[in-house]
Protein chains: 2
Amino acid sequence: MWKVSTQQRRERERAQRHDLIVKTARKLAESEGWDAVTTRRLADEIEYSQPVLYSHFAGKDAIVAAVALEGFTELAVRLRAATRTGEPRAALEELARAYMAFAEENPALYDAMFTMAVDLPFGQDDTPEPLRDGFQALLSGVAQFAGGRDPGILTEVAWSALHGLIVLSRGGRLPASGREARLALLLDQLSATR
Amino acid sequence: MWKVSTQQRRERERAQRHDLIVKTARKLAESEGWDAVTTRRLADEIEYSQPVLYSHFAGKDAIVAAVALEGFTELAVRLRAATRTGEPRAALEELARAYMAFAEENPALYDAMFTMAVDLPFGQDDTPEPLRDGFQALLSGVAQFAGGRDPGILTEVAWSALHGLIVLSRGGRLPASGREARLALLLDQLSATR
DNA sequence: TCATCTGTCTAGCGATGCTAGAATGTGGAA
DNA sequence: TTCCACATTCTAGCATCGCTAGACAGATGA
C-alpha cells in the first residue's frame with residue numbers, strides 16, 4: 001500500500017529521532033543530573049510531546065539503558081585505545097587511568113552503566129558486544145600479571161577495586177586527597193606477580 | 001505551664017515513635033525494596049498519618065539516613081567482633097567475610113549506607129562515631145600487612161575492593177559463581193606484605 | 001466546666017511516569 | 001484535484017509520589 005521509498009525515509013527519520021532522544025537524555029543527565037531527566041523535560045528538549053518517547057522506548061528505564069549502552073561502547077573504545085603500550089606495568093597504569101578518567105568525565109553516564117540500569121544482560125550469552133569488549137580490554141592489561149592465577153578472576157577483582165574507588169570517592173565516602181596514593185597502591189597490588 | 005513528668009512521658013513516646021519509624025522503614029525496605037517505602041505506605045504501617053513522619057524527620061531522605069546510621073552502628077559492632085583472631089591472615093579473612101556477610105544479609109540497609117543517602121558527613125570532623133569505628137576495625141585487620149605503606153590508604157583500597165565486589169555482584173555485573181575465587185584472590189593480594 | 005494549647009488528621013498541591021482517545025496530517029486512489 | 005484511509009502526534013487525564021496548610025480533636029491546667 002505504501003511506497004517502499006517512503007517507508008525507508010520514515011524508518012530513517014525514526015532512527016534519527018531515536019538517537020536524538022538518547023543523546024538529549026545523556027546531555028541533560030550530564031549537565032543537570034538524572035533527576036532532571038523527566039519525561040516531560042525530555043519531551044520539551046526534543047520538541048515533541050511525551051507519548052512520542054513511548055513510541056521509541058518501553059519506558060524511562062529503557063531510555064536510561066540505551067544511554068548506558070552507548071556508554072559501554074565508548075568505554076570499550078577508550079580502553080582499547082589504552083592497551084597499546086609496551087611495558088606491562090605502564091600498560092596497566094594507562095588502562096586504569098583511562099577507566100577512571102572515563103568515569104570522572106562522564107559521571108552521569110557512568111552511573112547509568114553501573115548503578116542505575118538493571119535490565120542489561122551482563123555475564124550471559126546475550127551480553128551486548130561492547131560490554132564483552134570492554135572487559136576483554138581490561139583483561140588484556142591485567143592478564144600478564146596473573147601468574148598461576150585465573151586471569152578472568154583477577155580482572156574481575158581489579159575492575160571491582162576500580163569501581164569501588166570511583167563510586168566511594170564520588171559519594172564523598174573517600175577523601176579526594178588520597179586519590180593518587182590509592183591508585184598507586186592498587187596498581188602495585190595488581191602488578192605484583194606471584 | 002506543663003508538668004515536668006508529662007513532658008518527659010511525651011518525649012519518651014516521641015522517641016519510641018521515632019524508633020518505630022526507622023525500624024519499620026528498614027523492615028519494609030528489606031522485605032520489599034526501597035521503592036516500596038513510600039511515605040504513605042510507611043505511615044500506614046506505623047498506623048499514623050503522613051504528616052507525623054515530617055514531625056520527626058525533615059523528609060524521606062532523612063529517614064533513609066537514619067536507617068543508614070543504624071546500619072553503620074551494626075556494621076561496626078560486627079567488624080569489631082571479627083577482629084579477635086590471632087593469626088593475621090585468618091584475621092583479615094574473617095574481617096572481609098564479616099563485611100560481605102553483612103552486605104548480603106542486609107542488602108537494602110547496605111544500599112542506604114553506601115549508595116543512597118548522600119547527606120551523611122563521611123571523612124570529616126563531624127563524622128558519626130560508628131562510621132569512624134567501622135573504618136578503624138577494618139584498619140586493624142589490614143594494617144599489619146602495610147609494610148612500608150600507609151595503612152590508611154591500604155584500608156581504603158581494601159574497602160573499595162570489597163565494596164566493588166559487593167555492588168557489582170548484586171547488580172548481576174559479576175557472575176555469582178566466582179564469588180569465593182574472587183574473595184580468595186583479593187585476600188591474597190592484600191595479605192602480601194612487601 | 002471551660003479555655004488553651006499541643007498533637008494529629010483530612011485534604012490538597014505540584015510533579016512524576018505512563019496512556020487512552022481525539023486531532024492532525026500525509027500518501028495513494030478515484 | 002478531491003477524497004478517503006491510515007499512520008502519527010498531541011491533548012488531556014490517571015494514579016502515585018513527596019510534602020504541607022489548615023481544620024479538627026483531645027488532653028491539660030485553671
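Predicted model only: the values in this text are computed from it and were never measured. A note on names: the letters A, B, ... follow the listed sequences, proteins ahead of strands, and every chain is numbered from 1.
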(request) Under 4.0 Å from any atom of DNA chain C, heavy atoms only: list the residues of residues 37-66 of chain B that qualify, in numerical order. (result) B:R40, B:Y48, B:S49, B:P51, B:V52
(request) Could you tell me whether A:E32 and A:K27 have a side-chain N and a carboxylate O separated by less than 4.0 Å? (result) no
(request) Considering only NZ, NE, NH1 and NH2 on the basic side and carboxylate oxygens on the acidic side, decide whether A:E104 and A:R97 come within less than 4.0 Å. (result) no
(message) I want to check something: taking the side chain as every heavy atom from C-beta on, are B:V167 and B:R173 in contact at a cut-off of under 4.5 Å?
(response) no
(message) Taking B:V77 as the starting point, is it possible to reach B:F135 by hopping between hydrophobic residues whose side chains are less than 4.5 Å apart?
(response) no
(message) So does B:T38 get a backbone contact from the side chain of B:R41, meaning a donor-acceptor N/O pair under 3.5 Å?
(response) no
(message) What's the angle between the local helix axes at either end of the helix from C:dT1-D:dA30 to C:dA30-D:dT1, using five pairs per end and rounding to 10 degrees?
(response) 30°
(message) Going by the rule ring-ring contact (aromatic ring centres under 6.0 Å, His included), which residues pair with A:F114 if we only count those two or more places apart in sequence or in a different chain?
(response) A:F72, A:Y110, A:W159, A:H163
Pairs under 3.5 angstrom only: tabulate donor-acceptor contacts from the side chains of residues 59-70 of chain B to other protein residues two or more places apart or in another chain.
unit_1 : atom_1 : unit_2 : atom_2 : d
B:K60  : NZ     : B:V37  : O      : 2.9
B:E70  : OE1    : B:R26  : NH1    : 2.8
B:E70  : OE2    : B:K23  : NZ     : 3.0

(request) Please name all residues satisfying side-chain contact (heavy atoms from CB on, under 4.5 Å) with B:A76, sequence neighbours left out, ordered by chain then number. (result) B:D133
(message) Distance check needed: D:dT16 P versus B:D35 CG, whole Å only.
(response) 15 Å
(message) A side-chain contact here means heavy atoms from C-beta on lying under 4.5 Å apart; do B:Y99 and B:L95 qualify?
(response) no
(request) Check whether any side-chain heavy atom of B:E87 sits under 4.5 Å from a side-chain heavy atom of B:E94, and report yes or no. (result) no
(request) Within residues 13-22 of chain B, find the residues that approach DNA chain C with a heavy atom at under 4.0 Å, and present them sorted by residue number. (result) B:R17
